[in-house]
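First the proteins, then the strands, lettered A, B, ... as listed; each starts at 1.
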Amino acid sequence: MNAEPRRRPRLAVWKFASCDGCQLTLLDCEDELLGLAEQVEIAHFLEASSASEPGPYDLSLVEGSVTTAQDVERIHHIRAVSRRLVTIGACATAGGVQALRNYADVAEFQAAVYARPDYVATLATSTPISAHVPVDFELRGCPIDRRQLLEVITAHLAGRRPAVPAHSVCFECKQRGTVCVTVAHGTPCLGPVTHAGCGAICPAYGRGCYGCFGPGDSTNFPAFVPLLRRDGMDTLDVVRVLRTFNTAAPEFDAASRKELDR
Amino acid sequence: MTTSQHGFLGGLPPAHRDRLTAFAQEVEISAGARIFEEGGAADRFWIIRSGGAALDVHVPGRPPPVVETLGEGDLLGWSWLFEPYRWHLGAQARGRLRADEFDASRVRAACGQDPAFGLAVTGAVAAVIARRLKATRTRLLDLYGPPGGGAGGGDG
Amino acid sequence: MTHRGSRVLHVGSLSRVEGEGSLQLRIRGDEVTEARLAIYEPPRFFEAFLRGRSYTEPPDITSRICGICPVAYQLSACRAIEDACGVTVDGQLAALRRLVYCGEWIESHTLHVHLLHAPDFHGCANVVELARSRRADVERGLRLKQAGNAIIELLGGRAVHPVNVRLGGFHRVPSRSELRPLEEQLRRAREDAALTVRWVAGFDFPEAGCDHDLLALAEPDRYAIESGTPTVMPAPHTAGLPATSRRALPTRTFGVREFGDHVVESQVPHSTALNARLDGRRHLTGPLARYAINGRLLSPIALQAAQDAGLGDPRQGDVCRNPYRSIVVRAVEVLHAVDEALRLIDAYEPPPSPYLDVPPRAGTGHGATEAPRGLLHHRYTLDAQGTVTDAVLVPPTAQNQDAIEEDLRRTVQEQLRSGDPTDAELTALCERAVRNHDPCISCSTHFLDLTVDRAGGGD
Amino acid sequence: MATDAGGSAVIDKDGLDALVAVLAGRGRTVIGPIVRDGAIVLAELGSGADLPYGWGVELEAGTYRLRAREDGAAFAHSAGPQSWKTFLHPPRVREWSADRSADGDLVVTEETGTPPAYAFLGVRPCDLRAIAIQDRVLTGGRHADQGYRGRRERAFLVAVECTDPGATCFCVSMGTGPAAGPGFDLALTEVLDAGGHRFLVRAGSEEGESVLADLPRSPADPATREAAHERVAGAADRMGRSMPPVDLRTLMRETLTAGRWDDVAARCLTCGNCTMVCPTCFCTSTEDVTDLTGDHAERWRHWESCFDLDFSHLPGGSVRESPRSRYRQWATHKLGTWFDQFGSSGCVGCGRCIVWCPVGIDITEEAHALHQERESRAARPPGPESPA
Amino acid sequence: MTTPHAVAHSAALPVPHRVVTRAAEAPGVATIVLEPVRSALPPFVPGQFAMVYAFGVGDIPLSVSGIDGDRLTHTVRSVGAVSAALQGLEAGATVGVRGPFGTGWGLPAAAGRDLLVVAGGIGLAPLRPLVRAALAAPGEYGRLNVLIGSRTPQDLLYAPETRGWAPRARVLVTVDRPDGRWRGDVGVVTALLDRAAFDPGTAAAFVCGPEPMIRATAAELVHRGADPGRIMVSLERTMHCATGHCGHCQLGPLLLCRDGPVVSWTTAEPLLLVREL
C-alpha cells in the first residue's frame, strides 16, 4: 500500500564553458539512469532531452565555467530558479583548464587561435560558478567521478550530507592498496595535496596524480613542493603541473605563483 | 546559603568590611521603581539585601532591554568609583528591593584618607567588574545558539 | 494560414547534441537563401595555451576538449608528438591503443544511437520517454555503452578523460588475465550490437542524400580507427550523380603531414568554431565517410549485419549517403568495434614495456585518428627541449560544419517546396538534420537556437 | 617423528611450498609477501613460488626501494606498504543494510556470511604484536567488532622472525621484536648458511602443530637452532632506529604544548599516509548510502584518519583545525594515550609510518626532539610563566 | 555509572523504534518519545546516550532526556542533516536506535549530598532524567538546585515541567537575551550560584552545556570549595560508532563514547585546558 505519490524532485543540468564530460558522467550511469528518471523528473538536460521544462528546479547540476558576459547573466537566472545548485567538475568549481587564460593576455590568446579575434566575444577570465552566485555544493574533478555524482544526487534525495571527503588522494590510494609511487618509485605525485574522489586512479596505473580534483582541504605546499623537486621536477614543471585543470583553485594558484617568484 | 561569603562584602577583609558597612543606610525601594538612569550622577551605590535589580540600556522607541540582573549580596553600581561618576546603565527594582545604600562621596573620601581601605574597596569593586566582564564575554559567544550544546548536538 | 512571411524566430534549443550554437535560416519566399550553423560555444583557447607546455602534456590536456571522445584527442596528440620525435608505436602497444579506441567508439556511438538519435525515430523527447515503449532496446543500449566504457575504464582508469595513455604507449599495461572479464562482457555486447543493427535498420528513414566530398583515414588491410592515410571520395555531383546516389567513386589520398595543405580552416563571423574546407570544398567526415571508404574492411559479422540492414555491400561499391541512415552505419561500426576488441584481446600478449621512450627533439609532427565523429587531426611544433611552440587541432565537427549547413539548407528547401511547414515543424526537422551528424559540439558546440529570418517573397 | 617435544622442526624450501599448499588445502586463503609494483606487498599466494625469493628492500624515511639479493632469502625484507589489517580490518566494509517498507517500518539486516579463513604467512613479530593490539581495541572492550572477531578467530598466523631489519625499524625499542612473541600458530626463522637454506619452525598452537605435522621436515638440530638464534639476536643489534629511553607515555603527556609540534607541522602534509600504513591505527568513519528509490539504505565503514580535517568535526567546525594538533593527536595517541585507552603502546616499531611518509617525518626523531625539549625546559631556571 | 548488561545483539545494529509523540520544544528543538517496534534495548541510565538513526541520512548521538521503561525520550536540536531529519519526524515514523552507550551521571554516588544541577541551553536535556530521578527519591539526597541558562525565554526547555520541580527543588533560570515580557534573571548561569542552596564543600554537581559554560561553572564551583571529583560534566565530541572502535570521539586519553560523555572535573579540566586536543 503506497502513500499518495509524492511530487518527484525536478532536476536540471546546465552547461557553461566545458568539455561536456561531467554531464556525460550522468549518462554514463548506465545501471542507474532509468531508475533515476523514475525518481526525479529530468526537467532540463539539453544533452539528453529535447523536452525542456521551465523552472523552478529542485536540483540544478551546473557544468562549466563562466567565460562570457552572457554566462554571467545566465548563471544568475539559473540560481534564481534552483532550490539547490550543485556545481560539477573542475570547470564549474575552479574555472577549468580554460582558466589558463587568466595568466595571459586574452587578446593574444584569441589572436593565436582566430584570424579575426574581433568575431569572438569572451571575458578576460574563466571563473568558477561560485565566483558569481552562491553554490550549495561543489563536486570536484576533471572529470567528476560517477559514484560521487550518484552519491550527491541520492544524498540530495534523502536529505543527507553527501559523503564526499575533502582529504588527500593518499587516503584512497592506501585504501585501494596501491604502492605509493613517490616513496617506492620516486615518481612525482600530487596526491598528498589533491582532493580525494577519483579513487586514486593514476597511482594505480603507475603514474603520479596530476591534481585533476584540485586541492584537498589541508595542503602544505611549502613542505610539498621540495618533494616534487627531489623527484626531478624543475620550477617550470612544478608550475605546469599546478596550472592545468584546476589552475585557478586558490591553493594551486598561490603555490604556482610562489614557485615563479623564487 | 552562600551569600555572605560570596557577595560583594565577602570580597573584603573583615576590618574593611565593617568600616564600609558603617557608611550604610538601609533603604527599601518599591517594586518597579527606577533606581538610577543612564548618564545620571553616580553619587550612591547599594549592596542588595533582598530582592533584585535589573540593569538596562536606553534604546529609543522600545522598552529598555535588560542586560543583566542582580540579586542578594550583589553590588549595585560601580560607576561612583571612577570619573566622571556617571551611570553607564539604568537600574530598576525587581520586586521590593531592600538594600544597604552608601553615599559615594563619603566612601570615596574615606578611601582617599586611608589608602589601605581604599585599596581594599577598589579591589573588591574591581573583582565584581572582572566577574561581570567575564560573564559578559561569555554571553557574547552566544553559546546556546546553534551550533553546539552538550552531548546531544553532534551531527553529520 | 501561410508561414511564408517575413519573420524572425528564436526557437528553443537544439538538444541531444554536444555544444552550443544557433541556427539561422534566411528564407525569401520559398527559397532558403542562407543556412548557418553558428557555433557559439565559448572559446577555450586550447591551441593558445598549449604553447609553452611540455611535449608530454598534450594527450592529457587536449583530452579536455571533449568529454565524449577524449581517447581520440589523446591518441591524435600522441601520434602527432611521436611523429615529431620520430618514434613509432607498434605491436601490442598499438593494439592496446586500438582496443581503447574501440571502447570509445562503442561508448560514443551507442550514446548517440540509443540516447540521442533513436528518440527522433520514435517521436520521443529523450531516452527516458523512449524507454517507456522500448525498454528492452534502451536497456540493451545501456548495456552496450557500458561495455564500451568498461574497455576504457580497464585500459584508461576511467571512462571520461582516462589517465593511462601516454606518449609511447601506456603508463601501465594489463595482464592477459586482467582482460579476461572484459572478454565475457564483450561477447554479450557483440550479440547486443548485432541486435542493435537490426533494431535501427527497421526505423523509418526519409529519402535523403548528401553531396559532399567524403574524408576518412584508410588503411590497406583494416577498418581505420587509430591510424591511417587521409582518403577522399569526391562528392557525387563531380561524377554527375545525384546526392542520393549509393555508388562509390574512386578515391584519392594525401599524407597526414599534408593535411594542413588540404584541409584549411577559416573563420566566419557567426561562429567560434573554425570552419574547415577540403581543397576549397565542403566535405564530410565521420561514419558515412568511413563506411564509404573502408566499408569493405569491416569484420565479417559487421559486413553481414550491414548488408542485412540494407546498407548494401561495400565490397560491391555500395555506399550510404543518406544522413538519416548514419544511425545504421554507427550501429554497424559498434558491432565492428566490439568484434575487433574481442579479436585484439584474443591476440594480446603483454608487451615487454608499457611504453617506448619518446625523447624530445625539435620539429613538427602530425597525427590523425578517426574519432567517432570523424577525422581528428593534431599538429604540434616542438623545440629541442620538447616545449610546444605551436599547436593546431582540427576536430571533425569543424570540418563538417559546411556540410551540416548544406544539409540543413537542403532539408528546409525541400520542405518549403513540398509544403507549408510551420516554424515548429522546421525546428524539429532542423534538429533531426543536425543530429544526423552527431556533431561533437563540445569540440565546437551546445544550445542551438534556431532563428528563422523569413523575408517576404511573393506577398 | 620429526617434530620434537617443543613442537619445532626444520623445513626447507620444499617444506615452505608444502606449508602454502597444506594451508590452502585446509580451505584457507593464504596471504603472504609477493613482489608487485616495485614493492613487497601482501597478496594471495598461489604457491610458495610466489614468495619474494631473492628480494630485499632498502628503506629510509620517505623512501622504499626493492633490491635484488644474491642469497635468495625469502623473508629478508622488513615491513612493506601494507599491514595485515588490510585483511582483518578491511579498508571498506558494509556493516548492515536497512529497508523501509511501505508502512514505514524499518528492517535492518546485519552482514552475515562466513568470514574468510585466512592464513597469514610471514607475519613479522612487530606485526604479530600489532594484531594483538588491534584485537584488544576491536574485541577487548564492552562492545566487540563482530566482523573483525570473525575474521580474526579464523585466521592462522605464521610468524617469521626478523633477521634483516630495515633502517627504519625500531621494534627493539618497543619491545616487539625481532623475536616472535606469543600469538602465532607457527613461527619460522629463516636460516641461510653453509648448512643450506632452511627454516626453523615452532608451533604455537594445536593447529600449528597439526599443520607442521603435515609438512616434510626434519628434527630441529642444534646447529640450526643456534644459527636461528644468532640471526635474530644479530638483528636486534642492527635496528635502524630507536626511541628515546624514557617513558613515552609520560613524555607525550608532558609535552602537549611543546614547540616541536609546530616544527613537525611545518613539514607534515596531513596526507594521512602514516595512519593508513600503521598496523594498529584502527580509526574508521561510516557513510550512509541510499539507492535511488530511497527505501534501501546501507551503512558502510571505511578507514579514516585523525589527519582528516573532518575527523574531529563538531557542528561548529573541527576541533583539531591545525596540522599541529592533528599530528600531535596521532603521535600522542600512538605513544601515549593508547596506554590509557587500551593498556599498551599503540606503536610496535615497524617503521612503516617513517618509510611511507612522503616527506619522511620520523616518529622516533620527533620523540627524541620532544624528549630534548622537555629536558632543556627542565634544565632552564624557573622564570615567569608566559601569559595563559 | 553504567550497569553491565548482556549484549543480545551487535551494538552496531540499529534497533527499530517508533516515534510515539513529538513535541516542539523551542525553535528548532523537538522532543521525541520512542518505543521499540519489536525488541527493546537494554535499560538506559541518566547521562547515557543513544545513537539515533534517521533512515538513509545517518545517526547521531543523543542523550536520553527521559526514560520510561522501554520508552526513550530524546530532545534534538536541528544543527545538521541528521538532527534536522530527526527533529522533523512525526509520530508514527520509525527510527533506528543503538545503545545504551557511555557513562551515566552516577547520581546514586551522590546520596546524602546537596545536588547542584547546572544546565546551559540544550544541556538541560541529559540532566532532566537526573532531576527526575532525584525528585523521585525524596530523602535520598540533600537540597536539590537546578540552575538553567538559556539563550532566550523562548528557548527554555521543558518550561512547565521545570516550574513544577519547585518547591521540591530550587529552580533558578536566567537568560542571555530577555524579551519584553521576561521578568526573570538575565545573565550567565554561573551568576545563579550565589542564590543556590548548597554546601560547596560536600555538594555533588552535574553540569552540561557548551564547553566554555562548563569550564566557567566548574571553575566557579572549585573556587567556592567544591571537590573537582564531585563535579560531573558531560563533554561533547563527535561519536560515530559509539562502541569505542572508530576513534572520532577521542579527547586525550578518553574515548568519550566509552569513558564519557560524563566525566569528573578532575579528569576533564586538564584536557580542556589544552587547545585542539
Side-chain angles (χ1 to χ4, degrees), chain A residues 1-3 29 32 34-40 147 150-151 153-155 157-186 189 191-194 196 203-204 206 216-224 226-227 230-231, chain D residues 36-43 57 59 62-66 80-82 86 90-92 102-104 265-273 275-277 285-294 297 300 302-305 307-311 318 321-323 326 355-361:
Chain A
M1 180 184 68
N2 281 316
C29 300
E32 297 86 5
L34 296 178
L36 175 67
E38 282 165 21
Q39 298 304 318
V40 304
R147 291 155 305 157
L150 283 170
E151 167 61 9
I153 293 172
T154 53
L157 293 174
R160 186 176 68 232
R161 180 181 171 214
V164 175
H167 52 218
S168 73
V169 169
C170 299
F171 280 70
E172 293 187 316
C173 220
K174 287 289 182 287
Q175 292 185 17
R176 189 171 174 150
T178 302
V179 175
C180 177
V181 296
T182 294
V183 170
H185 311 151
C189 175
V193 294
T194 298
D217 62 0
S218 181
T219 56
N220 183 355
F221 281 97
F224 176 68
L227 196 62
R230 181 198 74 182
D231 292 333
Chain D
R36 196 194 72 203
D37 296 336
I40 295 175
V41 302
L42 301 175
V57 292
L59 307 179
T63 309
Y64 178 104
R65 291 290 182 279
L66 210 50
Q82 310 132 295
T86 301
R92 199 170 148 77
D103 62 1
R267 290 172 278 132
C268 177
L269 304 177
T270 62
C271 61
N273 276 306
T275 59
M276 302 285 159
V277 298
S285 273
T286 54
E287 57 188 83
D288 291 279
V289 298
T290 37
D291 70 358
L292 286 163
T293 68
W300 287 80
H302 55 81
W303 285 357
E304 189 49 278
S305 164
F307 284 91
D308 181 317
L309 191 52
D310 227 21
F311 187 74
S318 288
E321 191 79 33
S322 68
R326 280 178 271 152
V355 176
W356 299 98
C357 172
V359 291
I361 292 172

Next item on the list: Indicate yes or no: at least one non-hydrogen side-chain atom of Thr154(A) is less than 4.5 angstrom from one of Asp291(D).
Entry: no
Check: Are Thr178(A) and Asp37(D) close enough that some pair of their side-chain heavy atoms sits under 4.5 Å apart?
Finding: no
Check: If you look at every heavy atom in Ser168(A) and Cys271(D), which pair is closest and at what distance?
Finding: OG-O, 2.8 Å
Check: Under a 4.5 Å heavy-atom cut-off, does chain A meet the side chain of Val57(D), its backbone, both or neither?
Finding: neither
Notebook entry, point to check: Under a 4.5 Å heavy-atom cutoff, which of Gly272(D), Pro81(D), Gly62(D) has the most pairs with chain A?
Noted result: Gly62(D)
Notebook entry, point to check: By a 4.5 Å heavy-atom criterion (distance strictly below it), what part of Leu36(A) contacts chain D: side chain, backbone, both, or neither?
Noted result: both
Check: When you measure from the side chain of Thr182(A) to the backbone N and O of Pro358(D), does any donor-acceptor pair fall under 3.5 Å?
Finding: no
Next item on the list: State, to 0.1 Å, how close Arg160(A) and Thr290(D) come at their nearest heavy-atom pair, and which atoms those are.
Entry: NH1-OG1, 2.7 Å
Next item on the list: Against chain D, label Ala158(A) side chain, backbone, both or neither, depending on which of its atoms sit under 4.5 Å from a heavy atom there.
Entry: side chain
Margin query: Give me the atom names and distance for the closest heavy-atom approach of Lys174(A) to Val277(D).
Written below: CE-CG1, 3.2 Å
Checklist line | For chain A, the option from Cys268(D), Gly80(D), Ala265(D), Ser285(D) that forms the most heavy-atom pairs under 4.5 Å | finding: Cys268(D)
Notebook entry, point to check: Where on Arg230(A) is there a heavy atom nearer than 4.5 Å to chain D: the side chain, the backbone, both, or neither?
Noted result: side chain
Check: Heavy-atom distance under 4.5 Å between the side chains of Val289(D) and Glu151(A), does that happen here?
Finding: yes
Margin query: Within this structure, what is the NE2-CD distance for the pair His302(D) and Glu172(A), rounded to the nearest 0.5 Å?
Written below: 10.0 Å
Next item on the list: Check whether any side-chain heavy atom of Thr293(D) lies under 4.5 Å from a side-chain heavy atom of Gln39(A), and answer yes or no.
Entry: yes
Notebook entry, point to check: Please walk me through it: do Val355(D) and Val183(A) pass side chain to side chain contact (heavy atoms under 4.5 Å, CB included)?
Noted result: CA-CA 7 Å; Val355(D) 176; Val183(A) 170; 4.1 Å; yes
Note to self: Measuring from atom NE2 of His185(A) to atom CG of Leu66(D), what distance do you get when rounded to the nearest 0.5 angstrom?
What the structure shows: 8.5 Å
Item checked: Nearest heavy-atom neighbours spanning Trp356(D) and Val179(A) -> CH2-CG1, 4.1 Å
Next item on the list: May I ask you to name which of Pro192(A), Ser218(A), Gly35(A), Ala163(A) has the most heavy-atom pairs under 4.5 Å with chain D?
Entry: Ser218(A)
Next item on the list: Locate the shortest heavy-atom distance separating Val359(D) from Ala223(A); write the atom from each residue and the value.
Entry: CG1-O, 3.8 Å
Next item on the list: Please name the pair of heavy atoms, one in Trp303(D) and one in Gln175(A), separated by the smallest distance, quoted to 0.1 Å.
Entry: O-NE2, 2.9 Å
Checklist line | Segment of Pro222(A) engaging chain D (4.5 angstrom heavy-atom cut-off) | finding: neither
Next item on the list: Could you tell me which portion of Ala43(D) (side chain, backbone, both or neither) has an atom closer than 4.5 angstrom to a non-hydrogen atom of chain A?
Entry: neither
Notebook entry, point to check: For Arg36(D), is it the side chain, the backbone, both or neither that has a heavy atom under 4.5 Å from a heavy atom of chain A?
Noted result: both
